[in-house]
There are 2 protein chains.
Amino acid sequence: MAGRSNGASPMAPSSSVEAAANGGGGVDKGVDFANYFCTYAFLYHQKEMLSDRVRMDAYFNSVFQNKHHFQNKVVLDVGTGSGILAIWSAQAGARKVYAVEATKMADHARRLVEANGVADVVEVLEASIEDVDLPEKVDVIISEWMGYFLLRESMFDSVICARDRWLKPTGVMYPSHARMWIAPIRSGLGDQKMNDFESAMNDWRSFVAETDANYGVNMNVLTKAYKEENRKYYLKTSLWNNLHPNQIVGTPAIVKEIDCLTATIEEIREVTSNFSLNINVDRTRLSGFAGWFDVHFRGSLQNPATSEIELNTAPSAEDYTHWGQQVFLLHPPPRVNEGDAVIVSFSMRRSTENHRLMDVEFTCELQQSTGKRLPPVTSKFSIE
Amino acid sequence: MAGRSNGASPMAPSSSVEAAANGGGGVDKGVDFANYFCTYAFLYHQKEMLSDRVRMDAYFNSVFQNKHHFQNKVVLDVGTGSGILAIWSAQAGARKVYAVEATKMADHARRLVEANGVADVVEVLEASIEDVDLPEKVDVIISEWMGYFLLRESMFDSVICARDRWLKPTGVMYPSHARMWIAPIRSGLGDQKMNDFESAMNDWRSFVAETDANYGVNMNVLTKAYKEENRKYYLKTSLWNNLHPNQIVGTPAIVKEIDCLTATIEEIREVTSNFSLNINVDRTRLSGFAGWFDVHFRGSLQNPATSEIELNTAPSAEDYTHWGQQVFLLHPPPRVNEGDAVIVSFSMRRSTENHRLMDVEFTCELQQSTGKRLPPVTSKFSIE
């Protein structure tokens with residue numbers, strides 16, 4: 001009995017071992033909390049985020065093209081990580097920056113703040129935002145809180161908490177707005193995952209036959225459970241991917257708009273939306289859907305940005321982000337034509353097993369350009 | 001800010017993300033417990049173990065070639081998983097088998113027991129062995145508790161607990177004995193990992209230069225910490241590998257012998273050993289050491305096995321096991337010659353961060369065949 005291997009096992013494709021470790025039922029909140037914060041305590045992971053040019057440019061420009069929001073102001077950076085947003089805030093003229101970080105990364109942030117000559121302005125606090133005590137209210141809350149498809153990880157909860165406790169009534173949120181998008185896509189990933197699934201089941205059938213022949217135990221009673229486990233892993237889990245724009249086969253839809261100044265935890269606990277996607281590519285397959293987000297830096301109504309900045313994680317021919325897009329594959333993928341419409345009822349809610357993960361449901365009805373309407377089909381997914 | 005990706009990220013080699021998630025400091029026992037049991041709750045992982053022919057043959061033969069240990073006896077299977085050892089025990093003639101399993105795998109075990117017609121003998125109990133209450137003492141404890149390099153995972157603690165609580169004074173342990181081995185090896189992995197490390201540091205240096213140029217923040221103060229983090233990951237973590245016997249360049253040594261009938265938790269909490277390894281290959285490099293284990297099924301002194309079975313995870317040209325060997329790489333690897341001796345002071349203890357993981361230390365002194373003795377060098381590793 002040996003757990004996860006460090007190295008290449010001839011028997012264990014790492015992705016599945018990974019799935020086993022990640023996808024387990026009954027993960028409690030304490031476990032999730034520790035795993036989450038362990039990951040962010042590594043410089044490797046900070047470097048990955050700091051190397052994302054789309055992300056970096058958007059925050060950099062939002063701060064330095066809107067210095068009036070920072071000059072002589074008090075700023076709170078929620079989940080400062082390496083401290084970069086706090087340092088920029090100081091460089092843009094902030095009077096005081098509170099940089100709150102729950103992991104040991106706080107030590108690194110403190111050293112980076114000192115080395116960059118802003119230690120008189122930036123105070124790094126190693127604490128969770130829920131527990132931290134600040135001596136004053138703040139003018140700006142800046143945070144890079146976005147997870148896969150925006151809400152995976154649920155870090156926005158902490159931003160809401162920070163806002164409700166510490167933002168002045170006249171305060172500004174960075175970013176100020178966020179949107180979730182869904183688009184119909186074509187992709188070779190569907191066939192690939194179906195092949196992986198079928199190959200896993202073929203393996204299982206050989207395994208059952210061999211175990212019976214060699215060891216006198218018939219495992220076939222577990223075939224259904226194995227199929228379920230593998231179906232969930234290969235076919236019912238969303239995939240990270242950086243798509244090319246030509247993989248989008250219809251009009252994208254906005255499924256959620258968030259005003260960061262007013263959003264509540266209740267409002268983001270469950271996202272539901274009904275929308276129609278118009279197919280604009282002829283004779284193709286609807287492999288599934290891609291989900292992504294954008295956020296905007298617009299300041300507030302009373303105190304708008306002079307230069308509005310957008311951070312967009314949509315499929316792009318030039319750029320990609322570490323967020324990529326989340327892909328939800330339909331099995332089997334229906335054939336669609338230009339002029340067809342896909343009428344979707346979408347919901348996304350937190351997994352009861354792990355509150356940072358999400359359960360997603362699509363109910364799709366294909367309305368063909370001929371007028372024919374196919375019966376609705378529901379597909380469920382996990383975002384892991 | 002987005003955590004672990006499901007899919008191929010152009011920015012994040014999954015091994016390092018993996019390292020980040022696994023190697024974090026301050027992992028508490030509850031977290032570890034949940035991760036551990038999540039993994040074993042997947043049929044995928046059970047199948048992997050049930051497909052390990054070396055493992056399966058050893059347990060199968062040990063039971064069916066020593067039926068006198070099982071006929072009309074009461075058996076306890078510690079961590080039954082899919083239930084295979086419990087089913088074999090019943091098939092070999094046990095009067096009663098208690099099959100204890102802490103994860104939801106217990107449901108699958110119960111169904112497998114029923115489907116294989118031994119439900120009147122095998123009782124599956126979903127419980128941790130520390131909490132379980134049995135109505136009687138047992139004649140045999142059977143368990144497949146071995147982790148990487150034997151003690152990774154520390155499941156043997158549970159077997160000791162079960163033995164002290166439930167084994168009759170005349171009882172028998174399956175397996176009855178275990179040994180840990182160390183051998184000097186040559187391997188291309190050393191160069192590979194050093195290249196990976198150097199390449200990670202080159203990446204970092206470019207990253208520092210670019211972040212300074214593009215975003216006005218100098219990250220160089222974190223270079224030392226990044227180097228430490230990557231050194232630990234690439235150079236100071238043992239690797240899983242199935243070595244070929246011709247990679248062994250000297251005599252293996254036994255570093256620990258365990259009598260499963262008498263071993264105590266204190267005895268395995270820390271393993272220390274001083275030994276000498278005689279190099280028997282000329283003009284080679286000592287890339288490092290391989291660690292593996294074997295276990296034996298010998299019954300007890302009063303009630304010996306009629307057929308002694310061995311389960312061996314040493315490098316083999318014919319077989320491999322899912323345990324493989326743990327490889328500890330020396331940087332730089334010293335040149336050695338036939339007739340040289342490597343005098344090793346070895347210790348292995350549980351990590352203070354995660355009690356299922358191990359901290360390993362080798363202090364090596366090279367005594368050349370010419371009589372020259374090089375000064376001792378200490379290398380520390382984690383088994384993750």
Side-chain angles (χ1 to χ4, degrees), chain A residues 1-3 5-7 9-12 16 20-21 24-25 27-28 30-31 34-35 38-39 41-45 47-51 56 60 84 87 91 104 108 111-112 115-116 144-148 153 155 207 211 215-218 221-222 225-226 229 237 239-241 320 322-323 384, chain B residues 1-3 5-7 9-12 16 20-21 24-25 27-28 30-31 34-35 38-39 41-45 47-51 56 60 84 87 91 104 108 111-112 115-116 144-148 153 155 207 211 215-218 221-222 225-226 229 237 239-241 320 322-323 384:
Chain A
M1 195 167 196
S5 56
N6 179 356
S9 160
M11 293 182 181
S16 292
V27 175
D28 74 20
V31 173
N35 283 346
C38 279
T39 304
F42 278 76
L43 284 170
Y44 172 83
H45 192 76
K47 174 174 172 287
E48 186 195 7
M49 295 189 294
L50 293 164
S51 301
M56 290 287 276
F60 184 82
I84 192 99
I87 293 169
Q91 288 174 341
K104 275 289 164 200
H108 295 316
R111 296 180 61 220
L112 200 63
N116 284 274
E144 197 282 80
W145 52 266
M146 297 84 75
Y148 293 126
E153 297 183 15
M155 189 184 152
F207 161 74
T211 306
Y215 302 113
V217 174
N218 189 317
V221 69
L222 300 183
Y226 193 74
E229 183 180 307
T237 302
L239 299 168
W240 183 97
N241 205 241
Y320 56 81
H322 76 292
W323 286 287
E384 292 193 336
Chain B
M1 193 166 194
S5 56
N6 180 356
S9 161
M11 293 183 180
S16 290
V27 175
D28 75 22
V31 174
N35 283 344
C38 279
T39 303
F42 277 77
L43 284 170
Y44 173 84
H45 193 76
K47 174 173 173 286
E48 186 194 8
M49 295 190 293
L50 293 163
S51 301
M56 290 287 276
F60 183 82
I84 191 100
I87 293 169
Q91 288 173 340
K104 274 290 164 202
H108 295 316
R111 296 181 61 219
L112 200 62
N116 283 273
E144 198 282 82
W145 52 267
M146 296 85 73
Y148 294 126
E153 296 184 16
M155 187 184 153
F207 161 75
T211 307
Y215 303 111
V217 174
N218 190 317
V221 70
L222 300 182
Y226 193 75
E229 184 181 307
T237 302
L239 298 168
W240 183 96
N241 207 242
Y320 57 80
H322 77 291
W323 287 287
E384 291 191 339

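Throughout, protein chains are lettered first and strands after them, A, B, ... in sequence-line order, and every chain is numbered starting at 1.
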**Student:** What part of L112(B) lies closer than 4.5 angstrom to a heavy atom of chain A: side chain, backbone, both or neither?
**Tutor:** both
**Student:** If I measure from the heavy atoms of chain A, does F207(B) come under 4.5 Å with its side chain, its backbone, both, or neither?
**Tutor:** side chain
**Student:** Which atoms of A115(A) come close to chain B, meaning under 4.5 Å heavy atom to heavy atom: side chain ones, backbone ones, both, or neither?
**Tutor:** side chain
**Student:** Report which part of Y226(B) has an atom under 4.5 Å of a heavy atom belonging to chain A: side chain, backbone, both, or neither.
**Tutor:** both
**Student:** Can you tell me how far apart NE2 (H108(B)) and CD (E229(A)) are? Round to the nearest 0.5 Å.
**Tutor:** 6.5 Å
**Student:** Among the options Q91(A), R111(A), M56(A), pick out the one with the most heavy-atom pairs lying under 4.5 Å from chain B.
**Tutor:** M56(A)
**Student:** Rounded at 0.5 Å granularity, tell me how far NZ in K47(A) sits from CG in L222(B).
**Tutor:** 13.0 Å
**Student:** Is a donor on one side and an acceptor on the other found under 3.5 Å between the side chain of N116(B) and the backbone of N218(A)?
**Tutor:** yes
